[in-house]
2 protein chains.
Amino acid sequence: MFRERLAQDAARIQKQFDLVLGALSDVDVTQAMSYATQGGKRLRGFLVLESARMHQVDIDRAIWPATGIEALHAYSLVHDDLPCMDDDDLRRGRPTVHMKWDEGTAVLAGDALHTLAFELCTRPEVGTADIRADLALTLAQASGAQGMVLGQALDIAAETAASPLTLSEITRLQAGKTGALIEWSAGAGARLAQADPAPLRQYAQALGLAFQIADDILDVEGDAEKAGKRLQKDARAGKATFVSLLGLDAAKARASELVDEACAALTGYGASAETLKDAARFVISRDS
Amino acid sequence: MFRERLAQDAARIQKQFDLVLGALSDVDVTQAMSYATQGGKRLRGFLVLESARMHQVDIDRAIWPATGIEALHAYSLVHDDLPCMDDDDLRRGRPTVHMKWDEGTAVLAGDALHTLAFELCTRPEVGTADIRADLALTLAQASGAQGMVLGQALDIAAETAASPLTLSEITRLQAGKTGALIEWSAGAGARLAQADPAPLRQYAQALGLAFQIADDILDVEGDAEKAGKRLQKDARAGKATFVSLLGLDAAKARASELVDEACAALTGYGASAETLKDAARFVISRDS
């Protein structure tokens, strides 16, 4: 159920990107924007669309913030891959943007995708002004210096810290770096219906943490070819991860526990939450 | 009149930055954000506040988008100064962010300032949801791949182009790179009052172009110490500018003509437009 839905939603989001990016001037930067938004799991966009379905929100409205959050995620990856950040030459099995073009184009394409996220969340098609202003404000809070960028800053600081991070520090880092946007994505469906996003956000908090632990496990156990990126970078860099702190078995047990917590948060939604519960279980069983 | 108002508004915006940035976690990135927002003319923030006054909008509301547009401008400067972009080591008479910290911190601080701009425009204090959604959407349109970033992309493309830009190409480049945000700033006061932003945008279009021509003149005639940045970079790089295309005298005449056009657009505002008219005249007489 979940895998089919994820694939369908990914295709729908791709179509929307083609529409939106196809309308821009044809320069290197817009070509790099298209390139950076291709591929990937599109888990965040799926969370927006699926939570919208659970609230009977029309997909023609939800597709805008779903594409917006994927634009924001793509910007963060393009900037993260830069030589002055994580210095990655491979992403989703292809050269990173600064390798295919150059660093200046990567900085600008990331910047333009970042702006695009806010444009897509505030377009008239999304809904009433109340909903659009709420989506934009909460997206800014989730992605800026109190959210994602704070997580990235803590990550950079950890590299030069005298001692490896503790479990509570790495949990805080993850809550910012990947958790805040996953939480926003799952809550977006409720926001689009002006309903309470709390249960979906609780689901997403547990899911986000499980996702990161699964990523750390994949970094140790995974297959670089399937993952489409270099693995065991963290271990080589001597960085603390959930696996290095908990050990492989306890990390797997913790991820499994979090998936149960995520599912429990959605009890109130009844059968309509089945796909999201399936998604949570998938997160810890994936191989890429 | 204009100089005093500009200085007062700059101080008011600084106070707002202190409030907003002081609430963030104290990490390198937030220190770099504060540093990047200090100094500067704050012309864009002034345009928001002054156009708000002309529409009897409370300054306690207008201060948020005024600070927001200065955050967005600061992000664009931090990224523009990066080695992979303009490679500047000096800005407003001080080391650029990547010189004082490092490139990774500069990328992240710029990203966080970018997000902050959208947060400040959509905060509840700004006004009704209609106004906040409108400010966010128009800011995204002005700053993304159809606006500022497009201008920056055209600027980069021009560096490797076989022949220097023509007057119409350089005018299009400027309209994106600096014009779009100046236009948004001047229109913001009308948007805050849900009034027609057209006359203010027309004023700002002429002002923005005059400002760029004045910048090109300063690059040739100016004093590097007063400007707080390196000069004659364009000439050394063989880049087309309004001065290289028109000649110094015709560039000055064109700037003066544009100032008249800018002032004429505000006729309907009567005496309340005096400070903005003064601002337009100042733009072509400044020495930094």
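Within the 4.5 angstrom heavy-atom criterion, only side-chain atoms of B:T30, from C-beta onward, approach chain A. For A:L154, the part sitting under 4.5 Å from any heavy atom of chain B is the side chain, from C-beta outward, and nothing else. At a 4.5 Å heavy-atom cutoff, B:D28 makes no contact with chain A through either its backbone or its side chain. Contact of A:M148 with chain B is not made at all, since no heavy-atom distance falls under 4.5 Å. With a 4.5 angstrom heavy-atom cutoff, B:L72 does not touch chain A via any of its atoms. Both the backbone and the side chain of B:A153 come within less than 4.5 Å of a heavy atom of chain A.
Here the CD-CD distance, from B:E103 to A:E103, works out to 6.5 Å after rounding to the nearest 0.5 Å. B:Q141 CD to A:T122 OG1: the interatomic distance, rounded to the nearest 0.5 Å, is 7.5 Å. In this structure, A:T115 OG1 and B:L139 CG are separated by 8.0 Å, a value rounded to the nearest 0.5 Å. How far CD of A:Q146 is from CD of B:E119: 5.0 Å, rounded to the nearest 0.5 Å.
With B:L150 as reference, A:V27 is the one residue of A:L24, A:V27, A:L108 to meet the side chain to side chain contact (heavy atoms under 4.5 Å, CB included) rule.
Within 6.0 Å of CZ in B:R172 there are 12 or fewer heavy atoms belonging to other residues, nucleotides or ligands.
Counting only residues at least two apart or on different chains, the side chain to side chain donor-acceptor pair (under 3.5 Å) pairs with a member in residues 180-189 of chain A are A:T138-A:W184, A:E183-A:R201, A:E183-A:Q205.
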So B:Y75 and A:D111, side chain to side chain contact (heavy atoms under 4.5 Å, CB included) or not? Walk me through it.
CA-CA 10 Å; B:Y75 122 65; A:D111 288 343; 3.3 Å; yes

How far apart are the C-alpha atoms of A:L137 and B:R132, what are their side-chain angles, what is the distance that settles it, and do they pass the side chain to side chain contact (heavy atoms under 4.5 Å, CB included) test?
CA-CA 9 Å; A:L137 177 59; B:R132 293 150 58 211; 4.2 Å; yes

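In terms of heavy-atom pairs under 4.5 angstrom with chain B, the leader among A:A136, A:A133, A:A106, A:A23 is A:A133.
Ring geometry, A:H114 versus B:H114: the interplanar angle falls from 30° to 60°, so the pair is classed tilted.
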